[in-house]
**Q** 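First the structure, which I've put down as structure tokens, then a few questions once you've had a look.
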Amino acid sequence: MKAPRSVRQEIDALREALAYHNYRYHVLDDPDVADGDYDVLFDRLSALEDQYPELVSADSPTQRVGAQPKAEFGSVEHESPMLSLDKCTTLDEVVAWDERCRSRLGRVAPLDYSCEPKIDGVAVSLHYARGELALAATRGDGTTGEDITANVRTIAAIPLRLRGDDVPERLEARGEIYLPIAGFHAFNDAARARGDKLLVNPRNGAAGSLRQLDPKITATRPLTLFCYSIGAVQRGPALATQTAVMGALKRWGLRVNPLRATVAGAAACYDYAMKLLDLRAQLAYQIDGVVIKVDALNLQQQLGTITRKPRWAMAYKYPAEEATTQLLGVEFQVGRTGAITPVARLEPVFVGGVTVSNATLHNLTEVQRLGLMIGDTVLVHRAGDVIPQVVKVITARRPADARAVDFPSRCPACGSELFHPDGEAVVRCSGGLACPAQRKEAIRHFASRAALDIEGLGDKLADQLVESQCIDTIADLFSLDAATLTELDRMGEKSATKLVNAITASKSTTLARFIYGLGIRDVGEATALNLAQHFGDFTALRDASVEALLEVDDVGPVVADRVQQFFAEPHNQTVIDALLAAGVHWPAPARATGAPLKGQTWVLTGTLEQMTRDEAKARLIALGAKVASSVSAKSTQVVAGPGAGSKLDRAIELDIPVLDESAFLRRLKSLE
Ligand code: IVH
């Protein structure tokens, strides 16, 4: 049956609407329909195409996946070579390069430069013929790449058809396909749960995903792209600068990085690089530096290219976030709740801008998954302020005398038996507070800034107090006197008196701090605050049933059980009674303290590490703020954790103040 005209028209309208929504979502980062509405349009189009298969076209949004698996990739000769870049790492080098450019061009005045984040992904060349995606190829050796069209078609951010009325007859757009950090972690979390191999880093993840012979696999990976240049072009508009090129690419529906900027002179390029470095840990994708390009295309041409590197561009490289080093040994730390954590002792290595000599290995399963042996060369990752991680063993470099990692069968601190709770990856010490390591950690935690905030009681002193058997429990802190303290190593009379005064002063606290300080498993600062606000009174919390606890914001069955069991434990009851008897106290419930953030609109983005997003939201709402899901000119403040992406970019564009998590916590505390 031939399709009626009305069906053809509806199909065209649906395709156009879907392409438009895709463009708003991926390129403008400003969707104006909900995901569900998009799905409705998509499903309608699929249904019509099923009914009238002759109307299916290659650029229909329904046709992204579907190509049959290949036996191998075809090869593609690039019309002009895909170049690489000269690198530098200092201001002096940027200045010297700028001077070389200007002297070759016989120019005194500062040059305009396009500064762009250097995305750590996989370079790709996209060919559009009469606006339709015709071919996609990898960089390969710069001259010949591989045909990855079927895989690239599955990437939703890459348009199958370009938009606008000045689309060139033929266009080769170049850019970088990458795996956003959140997608990388999501993939690894799922792979870990299945016991599958993990991706080493987002770049390898992107490369591996594009190398799949079956596009259905690529389609499951949340890849995306930023375009950064035009290769071959036929019958397109005249473009004079890199800035104009980026504008045109965006107009045509290709994603470009919103953090790109045009600046004048070397010093401004360097400033750009430093500002972007500050944002690096908060971006949704990995960058390894800044690409600085002479903005005027005619000047680029005059400068030319030598040995595959353009004279008109320079990569300013940031410190690598990954480095290889040697594993010297594995030690086992005992945490406050008895969790045994293997820690890698490393040959010191400079990574992510600091020297690293320890990295967490999380748990036994992780050590086994990595297949780690002492003496191995390992790949270490450190980004932002996150604890360094061992991500891979370079087995090819394993020395003949490499030794297996011996996981202890008893607690390294107290010799108690270890146990492996069901459903948990961690192994725990069964010693409870009989274990000195757990006692030390409990005291450190109780004295820490977010808990009772006992000034001068740091890690070393907590260790000393437990080792010298001055105290056993947190309650014993309150019976310490200056005379006992002066018997400790390096403790003078003055410091001893100061400490006793600090301990006494800490008795006056808040209910939330007290609850947090008890060190109940999985009860962080935000949960403690919720518990305090909900119950208002300690006795009510202490006696609360699991059902009553489940009523508290953000308290689920696991936490409710932990809290209930904690208070039911006789040892804990004795310690709590002793704390109360020693005079630890807090003001009567202070619930509504007015609404200091009334009228403000906050946006949370990226990962928060010290609380869940829901907890952060609850605290903001309690202070009177509105919490919105997107950034607009009306936003008052944006809180950006690691992995923040387009919302952070938008906040920067709109000049909305941004707080990182620690500044956010400080702000909350000052208001609560
Ligand atoms: S320009 C001059 N711009 O970096 C031609 N490259 O080391 C070179 N890259 O293979 C490309 N972000 O894969 C350019 N904004 C950007 C880039 C970028 C990442 C990659 C690209 C290239 C490599 C060069």
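Whatever order the structure lists ligands and atoms in, that order sets their numbers, starting from 1. In this text the structure is predicted, and so the values were computed from the model without any measurement.
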**Q** Among all protein heavy atoms, pick the one closest to atom 20 (C) of ligand 1 and tell me residue, atom and distance.
**A** Glu176 OE1, 3.4 Å
**Q** Heavy-atom distances under 4.0 Å decide this one: backbone, side chain, both or neither, for Met82 against ligand 1?
**A** neither
**Q** For atom 5 (C) of ligand 1, what's the nearest protein heavy atom and its distance?
**A** Leu83 CB, 4.0 Å
**Q** Quickly, which of Glu322, Glu321, Gln389 forms a side chain to side chain donor-acceptor pair (under 3.5 Å) with His381? Name it, please.
**A** Glu322
**Q** For Glu79, is there an ion pair with Arg170 - N to carboxylate O distance below 4.0 angstrom?
**A** yes
**Q** Can you tell me how far CG of Leu370 sits from CG of Leu361, rounded to the nearest 0.5 angstrom?
**A** 7.0 Å
**Q** Just jot down the ligand 1 atoms closer than 4.0 angstrom to any heavy atom of Ile119, in number order.
**A** 12 (N), 19 (C)
**Q** So, regarding Glu116 and ligand 1 (criterion: nitrogen or oxygen to nitrogen or oxygen, under 3.5 Å), is there a contact or not?
**A** yes
**Q** Can a salt bridge be assigned to the pair Glu93 and Lys87 using a cut-off of 4.0 Å between side-chain N and carboxylate O?
**A** no
**Q** Considering only the protein, which heavy-atom contact is closest to atom 3 (N) of ligand 1, and what is its distance?
**A** Lys293 NZ, 3.0 Å
**Q** Considering only protein heavy atoms, which is closest to atom 23 (C) of ligand 1, and at what distance to one decimal place?
**A** Lys118 NZ, 3.9 Å
**Q** Please determine whether a side-chain nitrogen of the Lys or Arg among Arg260 and Glu116 lies less than 4.0 Å from a carboxylate oxygen of the Asp or Glu.
**A** no
**Q** Using a 4.0 Å cut-off to any heavy atom of Trp312, which atoms of ligand 1 qualify?
**A** 2 (C)
**Q** Is a salt bridge present between Asp271 and Lys275, judged by a nitrogen-to-oxygen distance below 4.0 Å?
**A** no
**Q** Where is the tightest heavy-atom contact between Ile656 and Ala633, given as atom of each residue plus distance?
**A** CD1-O, 4.2 Å
**Q** Starting from atom 6 (N) of ligand 1, locate the nearest protein heavy atom and write down its residue, its atom name and how far away it is, to 0.1 Å.
**A** Tyr228 CZ, 3.5 Å
**Q** Pull out every atom of ligand 1 sitting under 4.0 Å from any heavy atom of Pro117, numbered as shown with elements.
**A** 12 (N), 15 (N)
**Q** Strictly under 4.0 Å, does any heavy atom of Arg260 approach an atom of ligand 1?
**A** no
**Q** Run the numbers for me: atoms of ligand 1, each under 4.0 Å from some heavy atom of Pro310, listed by number.
**A** 2 (C)
**Q** Output yes when Glu72 and Lys70 qualify as a salt bridge under the 4.0 Å nitrogen-oxygen rule, no when they do not.
**A** no
